[in-house]
Amino acid sequence: MNEYQFTEDFRVTDEIKRKFDEDGYIILRSVLSEKETSILTSAVENEEGVIKYMYGHDDGDGRKIKMCLWNHPGNDVSGMLARCEKIAGTMEQLLGGEVYHYHSKLIMKEAHTGGQFNWHQDYGYWYKNGCLFPDMGSVTIAIDKSDRENGCLQIIPGSQKLGRIDHVIIGGQTGADMERVKLVMEALPLVYVTLNPGDALYFHSNVLHRSDQNRSGRRRWAIICTYNRASNNPVLEHHHPFYTPMTKVPNSAIGNCQQLLNMEEKDFMHPDRDKTTVSSLLA
Ligand SMILES: O=C(O)CCC(=O)C(=O)O
Ligand SMILES: [Fe+2]
């Protein structure tokens, strides 16, 4: 299993790095304490916070994908989360060098109505953004319990080794070429990533993943913090940042942060204003 219990002296050992390189992911249980999870939850639920910038679209199958996305971490609680050692520093060790914040988002899969994500690799999109190398990765931090009933993430361990698969438009979303994915699924296993609030999944940008609609009565919200290696500065201008040095903060900064919310520095995505296609905004 690629699962570890977070403790304050956690570090990425050679064995953990080997697991990440082999399978493309690790899970860190309770990376946030109960107190940190509850501060973060009140920050993202606050009506003056990130949800002011929520946008959504149909998932191609009758339900809605809702999210908010911001390019810069900022100095409030969600900024401390994205810049702290246990999230950003751990990703740095897993990716093997300095990283910067590429964006963060809140995925809001509401009870009964939350939409599905088709099979994709995040690098399927980021390639088109001018990131030449797939030296990129994301950390999904569960706000709510996430399981098969409420549409948890599904991943194909080891699929990062396939390289980038062709991505095509399927039902309004850009997704991986399903003929290829079907062949991949005959060869590789499928893992349902079940998370409790405060658990985190660290995954490589070429790991194939998807998630089902939320047919349950329980909401499934999660924050996804995404990083790019400093050495992989995009060669095209697009809707996410070029290399921007990121000041990391100690883990205690989440609990000690004096600003629950500060939306000034985050640079939110506005699909109407930005005129980028919705499918490219998914990542
Ligand atoms: O959290 C999910 O269900 C999937 C989100 C995702 O893969 C993405 O936003 O790229
Ligand atoms: Fe994704």
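Worth saying up front: this structure is predicted, and the values here are computed from it rather than measured.
With sequence neighbours excluded, no residue forms a side chain to side chain donor-acceptor pair (under 3.5 Å) with Glu237.
Between Arg220 and Asp144, none of the side-chain N atoms (NZ, or NE/NH1/NH2) sits under 4.0 Å from a carboxylate O, so this pair counts as no salt bridge. Ion pair Arg18/Asp14 not flagged as a salt bridge, since none of the NZ, NE, NH1 or NH2 atoms sits closer than 4.0 Å to an Asp/Glu carboxylate oxygen.
Partner Glu110 forms a salt bridge (charged side-chain N to carboxylate O under 4.0 Å, His left out) with one of Arg63, Lys66, Arg219 and no other, that one being Lys66. Between Asn71 and the choices His103, His239, His240, the side chain to side chain donor-acceptor pair (under 3.5 Å) rule is met once, by His240.
A side-chain donor from one of Asp23 and Asn2 sits under 3.5 Å from a side-chain acceptor of the other. Residues Thr226 and Lys105 have side chains that never bring a donor and an acceptor to within less than 3.5 angstrom of each other. In this model, a donor atom of one side chain and an acceptor atom of the other lie less than 3.5 Å apart for Asp212 and Gln154.
Between Arg180 atom CZ and Trp119 atom CH2 the span is 15.5 Å, to the nearest 0.5 Å. The distance from atom CG of Leu69 to atom OH of Tyr55, rounded to the nearest 0.5 Å, is 4.5 Å. Remark: Asn75 CG to Lys266 NZ distance equals 8.5 Å, nearest 0.5 Å.
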If you apply the rule side chain to side chain contact (heavy atoms under 4.5 Å, CB included), what do you find for Ser216 with His112, and how did you get there? CA-CA 6 Å; Ser216 81; His112 306 296; over 6 Å; no

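Clustering of Ile, Leu, Val, Met, Phe, Trp and Tyr side chains at separations under 4.5 Å places Leu132 together with Phe133, Val235, Leu236.
No side-chain heavy atom of Met54 sits under 4.5 Å from any side-chain heavy atom of Leu106. Residues Phe203 and Val139 have side chains not in contact (no heavy-atom distance under 4.5 Å, counting atoms from C-beta outward). Side-chain contact check for Leu81 versus Ile141: some heavy-atom pair is nearer than 4.5 Å.
Ring-centre distance between His209 and His120: below the 6.0 Å cut-off. Taking the six-membered ring for Trp, Tyr102 and Tyr227 have ring centres at least 6.0 Å apart.
In this structure, Tyr123 and Tyr127 have perpendicular ring planes: the angle between them is above 60°, well past the 30° mark. Using bins of under 30°, 30° to 60° and over 60° for the plane-to-plane angle, the ring pair Phe268/Tyr53 lands in the parallel bin.
Taking the centre and axis of the six-membered ring of Tyr192, the NZ or CZ atom of Arg148 falls inside the cone set by 45° and 6.0 Å.
No donor-acceptor pair closer than 3.5 Å links the side chain of Asn129 to the backbone N or O of Cys131.
Within a 6.0 Å radius of CD in Glu15, other residues, nucleotides and ligands contribute more than 12 heavy atoms.
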